[in-house]
K.L.:
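I'd like to ask some things about the structure below.
As a basis for the values below, the full set of heavy atoms in this structure was taken, side chains included, without hydrogen atoms, waters or symmetry mates. Note that the numbering runs from 1 along the sequence shown for the chain.
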Amino acid sequence: DLADLYCTGQWEQASLILGKYDVRYLVVGEIEYSTYTVGSDYCPGGIRADKFELHLKPIFKNENLTIYEVPPPVKQ
């Protein structure tokens, strides 16, 4: 699920994984970029962090690391 979370370009799929594990904070940093590189076994297309920028609020950011807050799911 981690490779799918970081490597999918589809926000809907990533959102389902975040909800499945009740993730509150998501880290995207050097470890994630070095693990999910283009051509890797885990993530042939490379990490797709753009979906997090579009849909989540960064609560910490520097040149090497971004931490996003994941809002709790909306109860219906």
K.L.:
Taking side chain as C-beta onward, heavy atoms only, is L65 less than 4.5 Å from F60?
P.N.:
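Yes, their side chains come closer than 4.5 Å.
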K.L.:
Would you give me the side-chain donor-acceptor pairs under 3.5 Å for residues 4-11, sequence neighbours excluded?
P.N.:
from: Y6; atom 1: OH; to: V27; atom 2: O; distance (Å): 2.7
from: T8; atom 1: OG1; to: Q10; atom 2: N; distance (Å): 3.0
from: T8; atom 1: OG1; to: Q13; atom 2: OE1; distance (Å): 2.9

K.L.:
Tell me, which pairs form a side-chain hydrogen bond (donor to acceptor under 3.5 Å, both in side chains) where one or both residues lie in residues 48-59, sequence neighbours left out?
P.N.:
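Qualifying pairs, neighbours excluded: R48-D50, E53-K61, E53-Y68.
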K.L.:
Could you tell me which residues satisfy side chain to side chain contact (heavy atoms under 4.5 Å, CB included) with T37, sequence neighbours excluded, listed by chain and number?
P.N.:
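Side chain to side chain contact (heavy atoms under 4.5 Å, CB included) check on T37 returns S40.
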K.L.:
Quick one: do Y33 and I67 end up in the same hydrophobic cluster if we chain Ile, Leu, Val, Met, Phe, Trp and Tyr together by side-chain heavy atoms under 4.5 Å apart?
P.N.:
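No.
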K.L.:
Residues sharing L16's hydrophobic cluster, by side-chain heavy-atom contacts under 4.5 Å among ILVMFWY, directly or via others?
P.N.:
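L16 clusters with nothing; isolated.
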K.L.:
Give every residue pair that meets the salt bridge (Lys or Arg N to Asp or Glu O under 4.0 Å) criterion with at least one member in residues 21-43, sequence neighbours excluded.
P.N.:
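Residue pairs passing salt bridge (Lys or Arg N to Asp or Glu O under 4.0 Å), neighbours aside: R24-E69.
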K.L.:
For side-chain contact (heavy atoms from CB on, under 4.5 Å), just list the numbers for F52 and L26, CA-CA rounded to whole Å, side-chain angles, deciding distance to a tenth of an Å, and then say yes or no.
P.N.:
CA-CA 9 Å; F52 304 131; L26 178 72; 3.4 Å; yes
K.L.:
Remaining members of I31's ILVMFWY cluster at a side-chain heavy-atom cut-off under 4.5 Å?
P.N.:
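Listed partners: none, I31 stands alone.
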K.L.:
Just so I know, are the side chains of I47 and V28 near enough to count as touching, which here means a heavy-atom distance under 4.5 Å?
P.N.:
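The answer is yes; the side chains approach within 4.5 Å.
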K.L.:
Would you please name every residue forming a salt bridge (charged side-chain N to carboxylate O under 4.0 Å, His left out) with D1, sequence neighbours left out?
P.N.:
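Partners of D1 under the salt bridge (charged side-chain N to carboxylate O under 4.0 Å, His left out) test: K20.
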